[in-house]
Q: 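Quick one: the structure is below, and I'll ask about it shortly.
None of the values given here were measured: they were computed from a predicted structure.
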Amino acid sequence: MLRVLVVEDHAPTREALVDVLRVVGYDAVEAASGREALELVTTSGPDLMVLDLGLPDLDGIEVIKEMREVSDLPVLVVSGTHRRRRKADALDAGADDFIEKPFDVSELRARLHAVTRRRSRGLADDPRRTYGDIEVDVEARTLSRSGREIRLTETEWRLLDALTARAGAVVTHQRLAATVWGPRARKEVYPTLRVHIASLRRKLRDGGQDPQVIRGESGMGYRWVAVGDQRAARDRTTVLHRAVALRDEVALLAPAAASGSPEAEALARASDLVDALERLEART
């Protein structure tokens, strides 16, 4: 069972998050402040962190920065703010993803699952990355789509590596700029960055209003969204989310159902279905 460190100073919200996580199959430990969270990272052995940015003693972004000096623990930021710059700063500091309040149980569980799956696959360490008909080998510097070789510039290679290494997650403008022009890159290079991204998209034949390979996140950065079979992947994800929602609803309606009761049997069947779907998705 994965252990989640919940960092939230508002007690009712923190307790609700812990209750929900336990219902859907996670162990949970709590921290009401940034300093307490940093201590628990080293003493409680969490597998991932759910972090609110508005803490009383230490800003959530500072928590991420200090933690990254000693740990690569996956971090999901739970944010009530709609300020894109704030979210981008959290991602630049080392957060893996974010989810906006209010959210439902199935969305939270899906985000946690995606974060841990990306980390467990270790994509950044694997030079060969395949997304349906797109094949990338960042070590050999080869890229093809549908068997057709695609030639990239040095800048495009750096961008492609940065995006595919964190496939599914937002990679901020600042992180991409630093990848190409170094850590001192400023916002003035962002227009040039957009030009290079546009060129990369053209070469990947990823145009139109609904890009299926590189998707822009307004005001924040870009996300590599290509998967294997696009339609099949969407169908699998939809079915998984519906199964998770069903399982969670049954669990919340019958949290202490007697063994052998219809409620307990329904919960067991829903849990088995979710497990089977997650195993299927993990293999794709």
Q: Determine, for Lys101 against Glu8, whether the closest basic-nitrogen to carboxylate-oxygen distance falls under 4.0 angstrom.
A: yes
Q: Under the 3.5 angstrom rule, does the side chain of Ser71 hit a backbone N or O of Leu73 as a donor-acceptor pair?
A: yes
Q: Going by atom types alone, do Glu156 and Ser199 pair a side-chain donor with an acceptor below 3.5 Å?
A: yes
Q: In terms of side-chain geometry, is the basic nitrogen of Asp96 or Arg68 positioned less than 4.0 Å from the acidic oxygen of its partner?
A: yes
Q: Before accepting this row, confirm whether a basic side-chain N of the pair Arg85/Asp92 lies closer than 4.0 Å to the acidic partner's carboxylate O.
A: yes
Q: What distance separates Ile197 CD1 from Asp206 CG, expressed to the nearest 0.5 Å?
A: 10.5 Å
Q: Taking the side chain as everything from C-beta on, heavy atoms only, tell me whether Val77 gets closer than 4.5 Å to Lys87.
A: no
Q: Please determine, by modelled atom types, if Thr142 and Asp137 share a side-chain donor-acceptor pair under 3.5 angstrom.
A: no
Q: For Leu91, does its backbone N or O pair with a side-chain atom of Arg175 as donor and acceptor, under 3.5 Å?
A: yes
Q: Establish, from distance only, whether the side-chain atoms of Arg129 and Thr164 form a donor-acceptor pair under 3.5 Å.
A: yes
Q: So, taking the atom named NZ in Lys203 and the one named OG1 in Thr153, what distance separates them when rounded to the nearest 0.5 Å?
A: 5.5 Å
Q: If the threshold is 4.0 Å, N to carboxylate O, is there a salt bridge linking Asp47 and Arg3?
A: no
Q: Any ion pair linking Arg111 and Glu100 (charged N to carboxylate O, less than 4.0 Å)?
A: no
Q: Salt bridge or not for Asp89 and Lys65, using N-O below 4.0 Å?
A: no
Q: Could you tell me how the ring of His173 sits relative to the ring of Tyr222: parallel (under 30°), tilted (30 to 60°) or perpendicular (over 60°)?
A: perpendicular
Q: Donor-acceptor pairs under 3.5 Å, side chain of residues 37-44 to any protein atom, not counting sequence neighbours: which ones?
A:
| from | atom 1 | to | atom 2 | distance (Å) |
| --- | --- | --- | --- | --- |
| Thr42 | OG1 | Glu39 | O | 2.9 |
| Thr43 | OG1 | Glu39 | O | 3.0 |
| Ser44 | OG | Leu40 | O | 2.6 |

